[in-house]
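Here's the structure, in structure tokens; my notes come after.
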2 protein chains.
Amino acid sequence: MTFIGRDTISNCLEDYAVNSEHKGFRPLEDFMADAEDNTQSIAADQHDAESGKLRPTMQDVAEAAGVSLKTVSRVVNKEPSVTEATRKRVEDVIKSLGFRRNDLARNLRQGQTSSTIGLVIEDIANPFYSQLAHGVESVARRYNHMLIISNSGEDPLREREQVNALLLRRVSGLLIVPAGADHSYLTSEMRLGTPVIFLDRPPENLNVDAILLDSYGGSYTAMEHLLRQGHRRIGLICGDPSVHTGAGRVAAYRRAMTDWGLGLIEDLLCFGCDDAIKAEQAVYRLLALPQPPTAIFATSNRISIAVLRVLFSTTHKIAFIGFDDFEMADMLPIPVTVIAHNPTEMGRQAAELLFARLHGDESPPQRIVLPTKLIIRSSSEIKPER
Amino acid sequence: MTFIGRDTISNCLEDYAVNSEHKGFRPLEDFMADAEDNTQSIAADQHDAESGKLRPTMQDVAEAAGVSLKTVSRVVNKEPSVTEATRKRVEDVIKSLGFRRNDLARNLRQGQTSSTIGLVIEDIANPFYSQLAHGVESVARRYNHMLIISNSGEDPLREREQVNALLLRRVSGLLIVPAGADHSYLTSEMRLGTPVIFLDRPPENLNVDAILLDSYGGSYTAMEHLLRQGHRRIGLICGDPSVHTGAGRVAAYRRAMTDWGLGLIEDLLCFGCDDAIKAEQAVYRLLALPQPPTAIFATSNRISIAVLRVLFSTTHKIAFIGFDDFEMADMLPIPVTVIAHNPTEMGRQAAELLFARLHGDESPPQRIVLPTKLIIRSSSEIKPER
DNA sequence: TTGTAAGCGTTATCAC
DNA sequence: GTGATAACGCTTACAA
């Protein structure tokens, strides 16, 4: 075990510890700007010079063991009809040569697949997606498949590229959180036998399995809860309202207002708040209104956090509900009421369905809608000021 | 766009909205227990009945276009020497047949690799690892590689299985956050040419690149900060102290105490708090001590959150510092002082190094130690009660 | 129990 | 420019 010496420690003290002007969580790029040249590089001891050896094949093993290639194959695949003696001999050679079967070749011969499934999401760094991926992975492992994850970054073009790259690699199946609108480009591939399942958002122009969330129902429940508390001016902060999930949540907002006999006040609706900056600006705009909202509904975890950051920094007493639960929602100064659901379970169900398809389930494409649950903490219990 | 009807909404109201006895963030399994039978399944419209078509090969394309297999290959790979006319003809056939090159076969022929890299981590649902994965993926994409992520769940056995599965699939390179202790099993594979890089923890019995964090330096800085505030009874809550990261943080704790002329009080040291439950129990134990600590140092993000959950639920005024920054650390009732670093950058650097190795960089194995930064918020400024 | 030969879908070599 | 033909490392079918 090697530790960095005391000099490192004093470096840290001088360079960082005193600096406390920084506040707030800085997850990505902006962090290293002032720190990266402090990267310390320590060369390790020695290095194996000679390399360039070729990877041994079954043929090599066969020759070294004095048996045929096929016998090696039998041993490797644990087929029964091999003498204990030859098996032992072959296994020894395998060990000494460091042989490892090439599954690329194996899969090429056996079927069309790579015992790998592909998952296309927006951004693995978002907890929603990392939980989703966790669920998928746990199921994939049960079926002896590995998981290739690729980020589309909400870019339809990139989504297509990634899907194509996965298909080239002959993934056994595909799980997609769609970024683009038109997915008809997948029809031919699906006809050829690759099962595809959509997550979180349904496909357009494609008849395919989808695991969705009850965005509309959950949001309607949340709105009703706010309305029951007496709120009439409710701000809405959402991302792209043309995305399915956003659309459902916005529709629920509108419908709830209408059902309660309230008109829509355009000034209270904020669209396109896809990143933290835009969401924060939207909140500031709402607060500056002659008649600011008495409550705010945010349509996703990222947006919620941005909104709350502003709300907590002001003295305004505004009720809040957000879609998606998030870690620490219950630990904030005012615990946050959320529309919760289970991303891990969503990933699991999608993966299970994928493997069912892979194993020959030919039933018609399904639409599974997972339930949401209003978790009432404190932020929604703030009453409207009169 | 299809929305769930009003009946769904009332379901939600009755089944969930009223239920508010639940508090706290429930990320995984325990959530669905009471909700899963509410899963609604809606069968979709119709279904393409006939399938079973075989995937077209270059040979099929060649026959349909009346050219040789090799010519198709030339077109697919955009090699120069093809007439515009034949190129067009072949491309049309490719489109009409929905042909897609099988990269399994291509890779088999070309080299040993699958233009895929493998990443083995503890748990993708942990923000530390999902940020790390994000960094790796962004670099991999630049190099036209896809990323296979697999979770070891801290289990050395599973780690080995996963590594083996990745190697069987002929990943171009391997990024590992090691769970096990002995990694000599990788030597033969590395000699055969697969570059391997360790993240967060160095390998044992293996001379290989590693990207690490300055656990010791960061922790020492944190301890000094607490000691300067006058704290003398500082509780330590950590996971497995035999893991490299844990060991470095514990060593810094001990050393700092010693350097300040303080003895170690065994009662204040809590080891093996790997999950939230154990960490919480540890805090309760500390609080119940005849002389409880006036400050606590937690050695990871998960532990920090568990500790804070307890601390915030009591009236004890205890200072706190945690290793790893986390989202919302600055928004809690008492903003949390942390030892921050950049997981995304760690992933990026590891991936860059991996590709350098892949491109023939033969320099001796490196140990890169990334800096940490003490971000002082409020939790560390609580003075010891006299 | 063991071995031979063909073939998976591509690319590489070298003719034409 | 284009096309045979032989690999790549393995499995399948069938023979010995």
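Note that this is a predicted model, so its numbers are computed, not measured. Chain A is the first sequence line, chain B the second, and so forth, proteins listed ahead of strands; every chain is numbered from 1.
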- Item | Side chain of Arg106(B) - closest among dT10(C), dT2(D), dG9(D) | dT10(C)
- Only one of Gln162(B), Glu159(B), Arg160(B), Glu122(B) clears side chain to side chain donor-acceptor pair (under 3.5 Å) with Ser152(B); which? Glu122(B)
- Item | Between P of dT11(D) and CG of Asn102(A), the distance in whole Å | 10 Å
- Message: Would you say Arg169(A) and Ser115(B) are linked by a side-chain donor-acceptor pair, where the criterion is simply a distance under 3.5 Å?
- Response: yes
- Message: Looking at Glu345(A) and Arg348(A), is there a salt bridge between them, counting it only when a charged N and a carboxylate O are closer than 4.0 Å?
- Response: yes
- Item | Residue Leu69(B), side-chain atoms from C-beta onward, closest of dG3(C), dT10(C), dC10(D) | dT10(C)
- Hey, which sits more toward the 5' end of DNA chain D by its nearest nucleotide, Ser68(B) or Arg109(B)? Ser68(B)
- State, without any angle test, whether Arg100(A) and Asn164(B) hold a side-chain donor-acceptor pair at a distance under 3.5 Å. yes
- Picking from dT2(D), dT11(D), dC14(D), which would you name as closest to the side chain of Thr83(B)? dT2(D)
- Item | Nucleotide nearest Lys70(A) (side chain, heavy atoms from C-beta), chosen from dT11(D), dT2(D), dT4(C) | dT4(C)
- Query: With a non-hydrogen cut-off below 4.0 angstrom, is Ser81(B) in contact with a base, only sugar-phosphate, or nothing?
  - Reply: base
- Message: Output the rounded distance in Å from CE (Met58(B)) to P (dG9(C)).
- Response: 12 Å
- Note on the structure: Of the listed dT10(C), dA12(C), dT2(D), the closest approach to the Phe99(B) side chain comes from dT10(C)
- Task: Select one nucleotide: of dT11(D), dG9(D), dG3(D), the one nearest the side-chain heavy atoms of Ser73(A).
- Result: dT11(D)
- Out of dT2(D), dC8(D), dC8(C), which has the shortest distance to the side chain of Val82(B)? dT2(D)
- Item | Donor-acceptor pair under 3.5 Å, Arg74(A) side chain vs dT2(C) base | yes
